[in-house]
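What you see is a predicted model; the values in this text were computed from it and never measured.
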Amino acid sequence: MKRSPGLLILIAAAAFSQNEPKFVRIPAGSFVMGCDPGWKCAETMPKKRIDFAAPFEMMRSETTVAQFTAFANASGYQTEAEKAGDKFNWRSPGFKLDDRHPVVFMTLNDAKAYCEFIKARVPFEAEWEYAARAGSTTWHYWGEEIDDRYLWYFSNSDEHPEPVGRKRPNAWGLHDVEGNAMEWVQYGGPYSSITNPNGGTVRGGSYASCPKPYPPAPDGRINRTIGLSVTFPDGANSNFRANERRFDYGFRCVR
């Protein structure tokens with residue numbers, strides 16, 4: 001029996017409701033953000049104390065395939081990779097994903113569309129780092145060294161994303177802020193390495209990231225894509241176009 005358009009809308013709405021993301025409260029407070037002396041980015045983003053006078057909320061985990069599917073079905077949204085006819089996109093990433101995995105091949109524009117649909121937005125860079133640190137001052141929220149109990153990265157992920165929420169969270173209950181999928185942040189907020197008002201950058205590293213150069217950089221540069229400080233310290237700024245997408249670019253929202 002053929003389903004009516006109205007029934008299909010109700011089914012899509014019900015599926016979206018079942019996949020609503022969970023948010024956690026991020027308390028008011030302050031932290032030190034910026035680049036260490038000697039890093040190129042210190043020229044434009046030296047260490048600075050950032051204050052958050054009011055609490056906000058952030059998604060507990062990265063946006064999942066199930067959540068983005070429910071959004072796409074309810075809204076009819078097509079990602080920029082789909083509209084461009086890319087070989088790979090979030091539906092066909094080139095590796096097996098199920099509903100529990102972080103959605104990838106996301107652009108900043110795709111992330112904004114989802115976040116706006118759920119009455120939230122893409123985090124500013126300072127919000128993301130403050131929430132990811134959860135009061136920590138170390139390179140990672142658990143300490144100075146890589147610890148497989150907390151993140152998926154090149155050495156333990158088998159070169160593909162893993163279901164969200166399986167590693168230990170930070171002190172405020174956020175999972176996977178390091179590793180699994182890199183997370184989009186947008187221009188704006190109290191302090192940022194982004195200077196393009198129409199762009200953003202990615203934070204936190206991914207399942208494909210290594211804590212050391214891979215392969216080794218001949219000029220001695222350090223790959224800092226895993227960690228909670230600025231992702232690309234070798235540049236004065238960190239500007240990504242809003243339509244950039246990759247196999248490990250995902251996101252979460254704040255409100």
Side-chain angles (χ1 to χ4, degrees), residues 26-27 29-52 56 58 62 108 122-155 167-172 174-196 199-214 216-217 219-240 246 248-252 254:
I26 307 301
S30 64
F31 81 120
V32 174
M33 180 180 180
C35 300
D36 289 338
W39 295 0
K40 179 69 174 177
C41 59
E43 297 174 12
T44 53
M45 196 180 177
K47 293 280 189 180
K48 180 180 178 181
R49 181 165 294 280
I50 307 299
D51 297 310
F52 289 92
F56 59 94
M58 179 174 274
E62 297 153 337
L108 176 58
V122 175
F124 298 132
E125 192 169 19
E127 289 174 330
W128 186 93
E129 185 172 331
Y130 174 67
R133 286 193 174 282
S136 66
T137 58
T138 47
W139 189 254
H140 309 282
Y141 66 80
W142 60 84
E144 298 291 353
E145 302 296 331
I146 288 291
D147 187 328
D148 284 15
R149 295 175 298 174
Y150 294 91
L151 82 164
W152 297 108
Y153 66 114
F154 184 85
S155 296
K167 294 295 187 178
R168 294 184 180 185
N170 71 9
W172 291 340
L174 298 177
H175 291 268
D176 301 310
V177 287
E178 293 189 54
N180 223 11
M182 286 190 177
E183 299 182 20
W184 276 106
V185 293
Q186 65 172 323
Y187 174 84
Y191 206 46
S192 181
S193 64
I194 308 161
T195 59
N196 177 6
T201 190
V202 288
R203 298 296 303 264
S206 79
Y207 69 89
S209 297
C210 297
K212 295 182 179 179
Y214 185 84
D219 58 1
R221 288 180 301 158
I222 299 174
N223 182 338
R224 301 188 186 277
T225 56
I226 290 180
L228 299 175
S229 292
V230 175
T231 305
F232 303 104
D234 295 321
N237 310 114
S238 181
N239 292 319
F240 280 51
R246 208 174 83 152
D248 57 353
Y249 287 4
F251 68 95
R252 73 180 81 205
V254 298

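More than 12 heavy atoms of other shown residues, nucleotides or ligands fall within 6.0 angstrom of atom CD in Glu144.
Between Asn180 and His175 there is no side-chain heavy-atom pair separated by less than 4.5 Å. No side-chain heavy atom of Val122 sits under 4.5 Å from any side-chain heavy atom of Phe251.
Between Phe154 and Ala208 the shortest heavy-atom distance is CD1-O, 3.9 Å. Minimum heavy-atom separation, Lys167 to Asp148: NZ-O, 2.5 Å. Across all non-hydrogen atoms, the minimal contact from Gly204 to Thr231 is N-OG1, 4.3 Å. In this structure, Asp51 and Ser30 approach most closely via the heavy-atom pair OD1-CB, 2.9 Å. Across all non-hydrogen atoms, the minimal contact from Asp248 to Ser206 is OD2-OG, 2.6 Å. Pairing each heavy atom of Cys35 with each of Val230, the nearest pair is SG-CG2, 3.7 Å.
A distance of 5.0 Å separates CD of Glu62 from CG of Asp176, quoted to the nearest 0.5 Å. To the nearest 0.5 Å, the span separating SG on Cys41 from CG on Asn237 amounts to 9.5 Å. Atom CG of Leu174 and atom CD1 of Ile26 lie 4.5 Å apart (nearest 0.5 Å).
Listed by chain and number, the residues in a side-chain contact (heavy atoms from CB on, under 4.5 Å) with Arg133 are Phe31, Glu129, Ser136, Leu228, Ser229 (sequence neighbours excluded). Tyr207 pairs by the ring pair (Phe, Tyr, Trp, His ring centres under 6.0 Å) definition with nothing, not counting sequence neighbours. A search for salt bridge (charged side-chain N to carboxylate O under 4.0 Å, His left out) contacts involving Lys48 returns nothing, not counting sequence neighbours. Trp142 meets the ring pair (Phe, Tyr, Trp, His ring centres under 6.0 Å) test with His140, Tyr150; sequence neighbours excluded. Residues passing the side-chain contact (heavy atoms from CB on, under 4.5 Å) test with Tyr187, sequence neighbours excluded: Ile194, Pro197. Judged as a salt bridge (charged side-chain N to carboxylate O under 4.0 Å, His left out), and not counting sequence neighbours, Arg49 has no contacts.
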*May I have the step-by-step check of side chain to side chain contact (heavy atoms under 4.5 Å, CB included) for Tyr153 and Ile146, ending in yes or no?*
CA-CA 10 Å; Tyr153 66 114; Ile146 288 291; 3.3 Å; yes
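The aromatic rings of Trp184 and Phe240 stand perpendicular to each other, their planes meeting at an angle above 60°, with 30° marking the opposite boundary.
Of the possible polar contacts, one joining the Thr44 side chain to the Ala236 backbone as a donor-acceptor pair under 3.5 Å is found.
Under the side chain to side chain donor-acceptor pair (under 3.5 Å) test applied with Ser192, the options Glu127, Gln186, Glu125 reduce to a single match, Glu125. Applying side-chain contact (heavy atoms from CB on, under 4.5 Å) to Met182 and the options Val202, Thr201, Ile226 leaves one that passes, Val202.
A centroid separation of 6.0 Å or more is found between the aromatic rings of Trp172 and Tyr141.
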